[in-house]
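Remarks on the structure that follows.
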Amino acid sequence: MARKHALQIKDSATYEALIDQGASPEKSARIANARAAGTLQHRSMPLEKRTKADLYAEAKRIGIAGRSAMTKAELVDAIRGH
């Protein structure tokens, strides 16, 4: 198959699949390169299977107030609702 993208793309199969699904070239490139670098792994895991500490860190990163008093289920709901 002929390349439809620049040489900077590290995971061609992922990039092409995302483009076929309608994602923008920029978003497809970011996701494909993150997957190739191994930094996308945690995001592919369902929230319910992540630890409370991981969920807390994610909630902190995105700025969810009141996260310290939340249960794991409440963290999952808050992250999904953000």
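Values below: all heavy atoms of this structure, side chains included; hydrogens, waters and symmetry mates excluded.
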Next item on the list: Using atom types as modelled and distance alone, determine if a side-chain donor or acceptor of K10 lies under 3.5 Å from a backbone N or O of A34.
Entry: no

Checklist line | Which residues share a side chain to side chain contact (heavy atoms under 4.5 Å, CB included) with D54, sequence neighbours left out | finding: R50, T51

Next item on the list: Locate the shortest heavy-atom distance separating I9 from A32; write the atom from each residue and the value.
Entry: CG2-CB, 4.2 Å

Notebook entry, point to check: To the nearest 0.5 Å, what is the distance between CD (E74) and NZ (K52)?
Noted result: 8.5 Å

Check: Between the main-chain N or O of S68 and the side-chain N or O of K60, is there a donor-acceptor pair closer than 3.5 Å?
Finding: no

Show me the donor-acceptor pairs within less than 3.5 Å that the side chains of residues 23-31 make with the rest of the protein, sequence neighbours left out.
residue	atom	partner	partner atom	Å
S24	OG	K27	N	3.1
S28	OG	S24	O	2.8

Note to self: Is the shortest side-chain heavy-atom distance between M70 and L55 below 4.5 Å?
What the structure shows: no

Margin query: Quick check for you: to the nearest 0.5 Å, what is the distance between N33 atom CG and D11 atom CG?
Written below: 8.0 Å

Next item on the list: Kindly compute the distance separating CD1 (I19) from CD (E16), expressed to the nearest 0.5 Å.
Entry: 7.0 Å

